[in-house]
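Have a look at the structure below, then the notes.
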Amino acid sequence: MLWGSRFKDKLNKSALKFSSSLSFDINLFKEDVLVSKVHAEMLAKVKIISSEEAEKIIYGLDLIEKHFNDGSWKPEDGNYEDIHSAIETKLFELIGNTAGMLHTGRSRNDQIATDLRLWVKKSSKELINALHHLQNVFLDLAGQHINTLIPGYTHLQRAQPVSYAFHLLAYVEMFERDKRRLNFVHDVADVSPLGSGALAGSTFPLDRKFMAENLGFTEITANAMDAVSDRDFVLDFLHCCVTGMMHLSRLAEEIIIWSSAEWNFIKLSDKFTTGSSLMPQKKNPDITELIRGKTGRVFGNYISLATVLKGLPLSYNRDLQEDKEPLFDSVETYYNSLLLTGHTIRTMEINTEKYKEELKGDFSLATDLADWLVMQGIPFREAHHIVGNVVKYCEVQNTKFDRLNLDEMKKINPIFDASAIEILDIKNVLNRKQTFGSPNPELVKREIKKWKQTLI
Ligand code: ARG
């Protein structure tokens, strides 16, 4: 017990169970031990404890780490309020009363804020690596599909043809923005609150810079009250998870649609699909559906912490303990979703012939035909109207663009000539694109190369 002398009674059992965070802040074990070691070193450096005492504390903490890692000590087995009390109690058992010197000039309030910032820094980098890996999976596939034509959609209606590589590169862009957001979170978390005490600093000459440097922080916080009550960096991290999962969920939705018999654009690997207990023919995209489904709870986690924070007066309040479960859950869910998205994409088969057939003479070439008319000197609005009539004609005649002959075209509008018929040949559609950021195969090739060079 870290406190208790002013209390007559022990904490009620169900109150302890209700308030204990050990089942989840055990995730912070490594960070907590490291923070304690650096704190002990600093106490010796500024001569608040002797170097022998610091060495004894660090020896004890090393032992705790060893016992924890080899499984011979399980903090969950005790009745502890949190990971800090579990470790400190164990330290007393191992090295006796010297353990009592460790907490000099420190509060669990600055300790937990420091642990959490270290964890957020580490995890944001892990997610950035996972995104980087996923981008490479997408680029490998895109490289094989620079000329694979697929319909591009708006409103989920066929709009204009694009290449499959171009579609995949759209996600590479999203993942890059996700990485940028995570880098931002890494940087806002990279400030050490250690040495802030409970809320008002310390009467000891604690060397905060020394601790920050040894823990790998770039800066130290400037206001102890803000330092112990700030969880903005956690909320920012949860927001990264929200946007990142939203991207994966949109992709999941596309994968699910593409794999249905109606679209038949991809075939998912058996390894990442499941069957039905009732219908023998079924192959369900469960993993992808779960990525879409789990996005819901990641959204919920953001709201959950935002709601905890909104009513808190300065500075530390126990409510802040509620920051951890949403954080750990979102990060784990996002990380696993990134991995499984990569596996799904890597192992699926693309039905390359499907859309080549589908797009032959498809009305999604209508804009190209209107652009052709503009090149003949017709104002775009009028061109739009003329092509609308061509589409209407085809619908009435139950035919498609590529089956129209010049006579029919001329009947709709005499301006059409043989070169207009060529426009309706799907083969040339992407090569005609001229703007940067379009699916012109040359540009897409260049983009893939650029990504490959920057992503190494
Ligand atoms: N378990 C607490 C948390 O996660 C640690 C800090 C407790 N501080 C306190 N004064 N009760 O926020």
Side-chain angles (χ1 to χ4, degrees), residues 1-7 9-36 38-39 64 68 75-91 100 102-123 189 191-202 211 215 221 224-238 301 304-332:
M1 174 77 85
L2 303 183
W3 40 268
S5 60
R6 58 115 50 239
F7 288 82
D9 292 324
K10 270 174 69 174
L11 183 64
N12 170 284
K13 257 197 156 60
S14 43
L16 175 64
K17 193 160 173 244
F18 180 73
S19 61
S20 171
S21 52
L22 189 57
S23 63
F24 48 88
D25 66 14
I26 197 147
N27 267 346
L28 299 171
F29 175 85
K30 223 170 130 186
E31 284 74 20
D32 201 69
V33 170
L34 178 69
V35 168
S36 287
V38 170
H39 187 71
I64 289 178
F68 179 79
E76 303 94 317
D77 295 344
N79 283 327
Y80 305 115
E81 201 181 303
D82 51 30
I83 189 64
H84 323 299
S85 10
I87 292 175
E88 202 172 323
T89 309
K90 185 71 183 166
L91 192 63
L102 174 61
H103 215 53
T104 316
R106 187 174 77 169
S107 155
R108 280 181 295 161
N109 300 353
D110 59 346
Q111 192 177 350
I112 188 64
T114 312
D115 291 1
L116 212 51
R117 281 174 179 268
L118 286 174
W119 193 90
V120 164
K121 279 177 66 183
K122 174 183 79 181
S123 305
V191 190
S192 172
L194 200 57
S196 297
L199 80 163
S202 174
M211 291 193 286
L215 289 169
T221 53
M225 287 183 94
D226 179 47
V228 296
S229 70
D230 171 24
R231 293 295 183 272
D232 295 359
F233 64 100
V234 180
L235 199 59
D236 288 340
F237 201 4
L238 289 175
N301 285 338
S304 159
L305 183 63
T307 311
V308 166
L309 294 177
K310 76 178 254 301
L312 296 187
L314 287 177
S315 59
Y316 179 84
N317 299 273
R318 189 66 181 270
D319 315 43
L320 289 174
Q321 181 170 296
E322 290 294 309
D323 58 1
K324 288 168 206 61
E325 284 165 296
L327 174 66
F328 297 150
D329 181 60
S330 282
V331 170
E332 193 187 346

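Each ligand, and each atom within it, is numbered from 1 in the order the structure gives.
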*asked:* Testing Val35, Leu199, Val228, Thr221 one by one against Asp110 for a side-chain contact (heavy atoms from CB on, under 4.5 Å), which residue passes?
replied: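 Single side-chain contact (heavy atoms from CB on, under 4.5 Å) partner of Asp110 among Val35, Leu199, Val228, Thr221: Val228.
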*Counting from 1, what ligand 1 atoms have a heavy atom of Asp82 closer than 4.0 Å?*
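Numbered from 1, ligand 1 contributes 1 (N), 5 (C).
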*asked:* Which of the numbered atoms in ligand 1 are under 4.0 angstrom from any heavy atom belonging to Ser21?
replied: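 Result: 1 (N).
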*asked:* Polar contacts were defined as any N/O atom of the residue lying under 3.5 Å from an N/O atom of the ligand; does this apply to Gln321 and ligand 1?
replied: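 Yes, there is a polar N/O contact under 3.5 Å.
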*Centroid separation Phe68 to Phe29 less than 6.0 Å*: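 Yes, close enough.
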_Is there a side-chain contact between Arg106 and Ser202 in this structure, where contact means two heavy atoms from C-beta onward sitting under 4.5 Å apart?_
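Contact flag for Arg106/Ser202 side chains = no.
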*Going by heavy atoms in the side chains, are Asn109 and Ser196 under 4.5 Å from each other?*
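Not in contact.
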*At under 4.0 Å between heavy atoms, which part of Lys324 makes contact with ligand 1: side chain, backbone, both or neither?*
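Lys324 to ligand 1: side-chain contact only, backbone stays beyond 4.0 Å.
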*Between Asn109 and ligand 1, which part of the residue brings a heavy atom under 4.0 Å of the ligand: side chain, backbone, both or neither?*
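Near ligand 1, Asn109 shows its side chain, while the N, CA, C and O stay back.
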*asked:* Looking only at protein heavy atoms, which one is nearest to atom 11 (N) of ligand 1, and what is the separation?
replied: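 Going atom by atom, the protein heavy atom closest to atom 11 (N) of ligand 1 ends up being Arg108 NH2, 3.7 Å.
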*asked:* What protein heavy atom lies closest to atom 6 (C) of ligand 1? Include the residue and the distance to one decimal.
replied: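 Answer, as residue, atom name and distance: Tyr316 OH, 3.4 Å.
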*For Lys17, look at atom NZ and say whether over 12 heavy atoms of other residues, nucleotides or ligands are found less than 6.0 Å away.*
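12 or below, so no.
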*Can you name the nearest heavy-atom pair linking Val308 to Glu322, along with the distance?*
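Of all heavy-atom pairs spanning Val308 and Glu322, the closest is CG2-CB, 4.0 Å.
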